[in-house]
Undergrad: 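After the structure tokens below, expect a handful of questions from me.
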Amino acid sequence: SYLYATVKTHKEVYGWRFIAGGCDISVGVVSDWIHRACRGLVPTIDELMREAVADLPGGHRCQGSWILRDGRGVVQRIRDLESSLRAERHGADGATPAAGYAAWRLVEFGVHDFTTMYNTLPHNEIRRSMRGVVQEVFARQGGKVLRVTRTGAEWTARTATGAAPDDLSSCKFYTAEQLMADIDFVLDNIFVTLGDDIYRQTLGVPMGFSCSPMLAVIMLSFFELAFVRRLVASTECAIGSAVDSPGGTVPLTQELRAELRTLAVRTACSCRAIDDVLLINISATDRRWVLASMYPATLELKEEHSSPGPILYLNMEIKHDRGGFYTDLYDKRDVLAAQGKMSSVLKFPHIASKLSIACKYGCMTSFLHRIHRGVMRVSRFVCRAAERISFM
């Protein structure tokens with residue numbers, strides 16, 4: 001790979017994002033297959049998080065792990081939050097019915113970003129967390145192997161002799177051991193070219209490898225699931241036992257047990273897009289404790305946004321009014337242009353640009369699909385569509 005860098009112009013203090021990339025690199029093919037295989041693990045990881053809180057009051061609200069596929073996952077979580085608040089107002093799950101319609105005032109959000117995730121994680125930490133997830137996911141499949149193709153993955157039976165089927169040019173069959181062997185191969189063979197020298201990366205995984213995002217996604221899910229399980233287990237201790245809590249190590253009481261169980265469910269209902277974390281309906285004190293207890297010290301987290309300020313996450317903003325919580329579009333480039341950090345943003349291709357006719361003609365339709373996925377209010381959808389048509 002070649003080692004190159006881009007400038008993080010959206011940061012208050014400009015920084016570097018180092019990327020390793022190139023064509024026909026030695027581990028490229030293996031990296032591609034790992035990426036596809038890891039995507040096939042996600043549905044089972046979702047099941048594991050649901051099961052972790054299934055027996056708690058309100059645990060049915062957890063729809064899966066923190067892993068987001070796209071912005072629609074954020075919209076669904078905001079819908080679930082609104083639904084749970086309405087249920088609490090009516091005394092669902094044993095709660096005292098809330099008075100009035102001001103529950104949104106008590107809801108806090110926090111957006112956190114891993115500042116140095118890709119280049120600070122020790123390889124033994126990556127191997128340990130990946131092995132923990134891979135082994136548990138495969139153990140739930142009753143001896144099946146993961147059949148991975150270029151379009152997806154599915155679980156399939158072994159051969160009559162108990163072995164994995166032979167790989168083909170169009171698909172691979174993974175056991176837990178084979179998947180970990182490929183992951184180890186990539187971690188052991190990260191070489192980059194810089195000038196006339198060749199370096200081996202011994203810390204972290206390189207941005208630019210196709211498998212790097214999924215390795216980060218699966219690795220972080222290991223810590224998230226383990227934390228939720230520990231938190232739930234602490235609430236099952238005998239009254240008077242010393243347990244960890246946002247207030248320190250204290251004796252367990254009935255009141256604290258109820259609070260920790262509620263926190264476990266709220267934590268399980270939060271989400272993450274690779275390295276961007278959104279904590280939903282969790283106070284600032286609880287957020288700090290959750291993140292410090294959840295992730296290893298080698299991962300540095302920075303708070304980007306928090307209540308009561310604007311909550312900007314991915315390409316949307318989370319808002320509220322008397323009708324409840326909703327999402328709206330947010331474009332970081334517009335803010336940077338207004339601050340003079342970049343030129344005006346061209347939101348559609350010029351007719352003379354060197355793009356396909358289908359791309360030029362499809363830009364309005366694709367934008368409508370985008371706001372349909374990310375904007376929850378019909379009125380805001382209409383405004384956003386009208387703004388774009390007027391701009392064009």
Undergrad: Look at the side-chain heavy atoms of Ile, Leu, Val, Met, Phe, Trp and Tyr, link any pair under 4.5 Å apart, and say whether Tyr199 and Tyr2 land in one connected group.
TA: no
Undergrad: Answer yes if the side chains of Ser283 and Thr285 hold a donor-acceptor pair under 3.5 Å, and no otherwise.
TA: no
Undergrad: For this output row, return yes or no: ring centroids of Trp289 and Phe227 closer than 6.0 angstrom.
TA: yes
Undergrad: Quick one: do Glu136 and Arg140 make a salt bridge, cutoff under 4.0 Å?
TA: no
Undergrad: Quick one: does any side-chain atom of Arg272 pair with a main-chain N or O of Ile274 as donor and acceptor, under 3.5 Å?
TA: yes
Undergrad: Check whether more than 12 heavy atoms from other residues, nucleotides or ligands sit under 6.0 Å from atom CG of Asn124, and answer yes or no.
TA: yes
Undergrad: Please report the closest heavy-atom contact between Leu312 and Val111, naming both atoms and the distance.
TA: O-CG2, 3.7 Å
Undergrad: For Tyr295 and Phe114, I'd like to know if the aromatic rings sit close, meaning centre-to-centre distance below 6.0 Å.
TA: yes
Undergrad: Can a donor-acceptor pair be found, under 3.5 Å and without considering hydrogens, that links the side chain of Arg36 to the backbone of Ala153?
TA: no
Undergrad: Should Glu303 and Arg288 count as an ion pair when the cut-off is N to O under 4.0 Å?
TA: no
Undergrad: Is any side-chain N of the basic residue among Arg147 and Asp167 closer than 4.0 Å to the acidic one's carboxylate O?
TA: no
Undergrad: According to a hydrophobic-cluster definition based on side-chain heavy atoms being under 4.5 Å apart (Ile, Leu, Val, Met, Phe, Trp, Tyr only), do Leu3 and Trp16 belong together?
TA: yes
Undergrad: Verify, without hydrogens or angle tests, whether Ser293 (side chain) and Val290 (backbone) share a donor-acceptor contact under 3.5 angstrom.
TA: no
Undergrad: Less than 4.0 Å between a side-chain N and a carboxylate O, is that true for Asp328 and Arg380?
TA: yes
Undergrad: Return the CE to CG distance between Met294 and Leu231, rounded to the nearest 0.5 Å.
TA: 9.0 Å
Undergrad: Just to verify, what does Ser390 make a side-chain contact (heavy atoms from CB on, under 4.5 Å) with, not counting sequence neighbours?
TA: none
Undergrad: For the hydrophobic clusters of this structure (ILVMFWY residues joined by side-chain heavy atoms under 4.5 Å, transitively), does one cluster hold both Val29 and Phe209?
TA: yes
Undergrad: Are the side chain of Ser241 and the backbone N or O of Cys237 linked by a donor-acceptor pair below 3.5 Å?
TA: no
Undergrad: Trp155 and Phe138: aromatic ring centres closer than 6.0 Å?
TA: yes
Undergrad: Establish, from distance only, whether the side-chain atoms of Ser65 and Ser221 form a donor-acceptor pair under 3.5 Å.
TA: no
Undergrad: At their closest point, which heavy atom of Cys211 faces which heavy atom of Val186, and how far apart are they?
TA: SG-CG1, 4.2 Å
Undergrad: Are Lys332 and Tyr330 in a cation-pi setup, meaning NZ or CZ lies under 6.0 angstrom from the ring centre and within 45 degrees of the ring axis?
TA: no
Undergrad: Closer than 3.5 angstrom, by distance alone: can the side chain of Asp286 be matched with the main-chain N or O of Ile282 as a donor-acceptor pair?
TA: no
Undergrad: Within a reach of under 6.0 Å around CG of Leu203, are more than 12 heavy atoms found that belong to other residues, nucleotides or ligands?
TA: yes
Undergrad: Applying side-chain contact (heavy atoms from CB on, under 4.5 Å), name anything that partners Arg127, two or more places apart in sequence or on another chain.
TA: His123, Arg131, Asp184, Leu187, Asp188
Undergrad: For the side chain of Gln63 and the backbone of His60, is there at least one donor-acceptor N/O pair under 3.5 Å apart?
TA: yes
Undergrad: Any salt bridge between Arg257 and Glu236, counting N to O under 4.0 Å?
TA: no
Undergrad: Could you check whether any side-chain N or O of Thr159 sits under 3.5 Å from a backbone N or O of Pro165, counting only pairs where one atom can act as donor and the other as acceptor?
TA: no
Undergrad: Give every residue pair that meets the salt bridge (Lys or Arg N to Asp or Glu O under 4.0 Å) criterion with at least one member in residues 63-80, sequence neighbours excluded.
TA: Asp46-Arg69, Asp70-Arg72, Asp70-Arg373
Undergrad: Using only atom types and a distance under 3.5 Å, with no angle test, would you say the side chain of Glu108 pairs donor to acceptor with the backbone of Ala284?
TA: yes
Undergrad: Within a reach of under 6.0 Å around CG of Asp166, are more than 12 heavy atoms found that belong to other residues, nucleotides or ligands?
TA: no
Undergrad: Between Arg158 (side chain) and Gly143 (backbone), is there a donor-acceptor pair under 3.5 Å?
TA: yes
Undergrad: Cys271 pairs by side chain to side chain contact (heavy atoms under 4.5 Å, CB included) with which of Leu278, Ile67, Asp276?
TA: Leu278
